[in-house]
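Counting begins at 1 with the first residue of the sequence. Start at 1 and go down the list; that is how both ligands and their atoms are numbered.
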Amino acid sequence: MIKRLLARLSNSSMPQVELQSTENIPKHVAIIMDGNGRWAKDRGLPRVAGHHSGMKAVKQVTITANRIGVKYLTLYAFSTENWKRPKAEVEFLMQLPQQFLEIELDDLIANNVQVRMMGYEEHLPKHTLYAVQQAVEKTANNTGLVLNFALNYGSRLEMVEAIRSIASDVQAGQLQVDQIDELTLSSRLLSSNLPDPDLLIRTSGELRISNFMLWQLAYSELWFTDVYWPEFKEAHFMEAVKEYQQRIRRYGGL
Ligand code: FPP
């Protein structure tokens, strides 16, 4: 509680954070945007007000990531487990991508951002999928930041699907068992067109990965903050990047 209060106090008066060096910027940052519900509850608001406020943080982090030269930003917007939430909350979450893109797409295009989606299209409402696909198409040739929405994404399901596809190739005689290596699996994941995340950020004080990019995070640097996602500002993102810049990555070596 005290930690959270301190985090919130520091948030309200957070000075501008500047990087000391433009070296060693994480190429791929992945974020578990958590704490929308608790942020709303603290204010006596419905949970969906937290999700709505979370959109502003998405905008701010996208601008900052693009500005400092991050190449890929993956945001966990809806997991394959989030369908278990009350119907009204799911429906609200499903109209957020559309709402966000209606407001921000022109600006994203002007800033050369490329929108992508990582997740299963099945079960997504038509309007959600249409809005995302339109944005993906319209930004496909942009060469700046890749803004990748993990939407109806689950890492275990992704691995099961990849293993099924490998097994089916083996069964068909198109692949030998001893040809299977790490690349065989990673090239069949939904993230096959992305490098592994260098930095994972999770907000809200929870210290877990929640079925997010389990394979891809094997050597990522982890950064946790008590700040709830709707309160996550440019300064927090910069803090995370600054700390990342100090980390020494050994990948199991010396
Ligand atoms: C987790 O917080 C958050 C989500 C499941 C949804 C994340 C979505 C957004 C931040 C908005 C996305 C915006 C776009 C543009 C797609 P929680 O509800 O689990 O919070 P709690 O743990 O405090 O209950």
Which one holds for [X] and ligand 1: side chain close, backbone close, both close, or neither close, with close meaning a heavy atom under 4.0 Å?
X     : value
Asn82 : side chain
Arg85 : side chain
Leu93 : side chain
Arg47 : side chain

Looking at Trp229, Phe100, Phe232, the heavy atom closest to atom 15 (C) of ligand 1 belongs to Phe100
Option with minimal heavy-atom separation from atom 8 (C) of ligand 1, where the choices are Gly54, Ser53, Ala77: Ala77
How close does the nearest protein non-hydrogen atom get to [atom], and which residue and atom is it?
atom                    : result
atom 2 (O) of ligand 1  : Asp34 OD1, 3.3 Å
atom 9 (C) of ligand 1  : Asn36 ND2, 3.6 Å
atom 14 (C) of ligand 1 : Phe149 CE2, 4.2 Å
atom 3 (C) of ligand 1  : Met33 O, 3.1 Å

Taking only heavy atoms of Arg38 into account, list the atoms of ligand 1 that are under 4.0 Å away from them. 21 (P), 22 (O), 23 (O)
Within 4.0 Å of some non-hydrogen atom of Leu96, the atoms of ligand 1 are 11 (C)
Measuring only between side-chain heavy atoms, which start at C-beta, is Tyr153 closer than 4.5 Å to Asn82? no
Between CG of Asp34 and CZ of Arg202, what distance do you get to the nearest 0.5 Å? 4.5 Å
Thr139 side-chain N/O to Val115 backbone N/O, donor-acceptor pair under 3.5 Å: yes
Side-chain H-bond candidate by donor/acceptor type, Asn152 with Trp83, under 3.5 Å: yes
With the threshold set at under 4.0 angstrom, would you say Ser204 reaches ligand 1 through any of its heavy atoms? no
Is the shortest N/O to N/O distance between Trp39 and ligand 1 below 3.5 Å? no
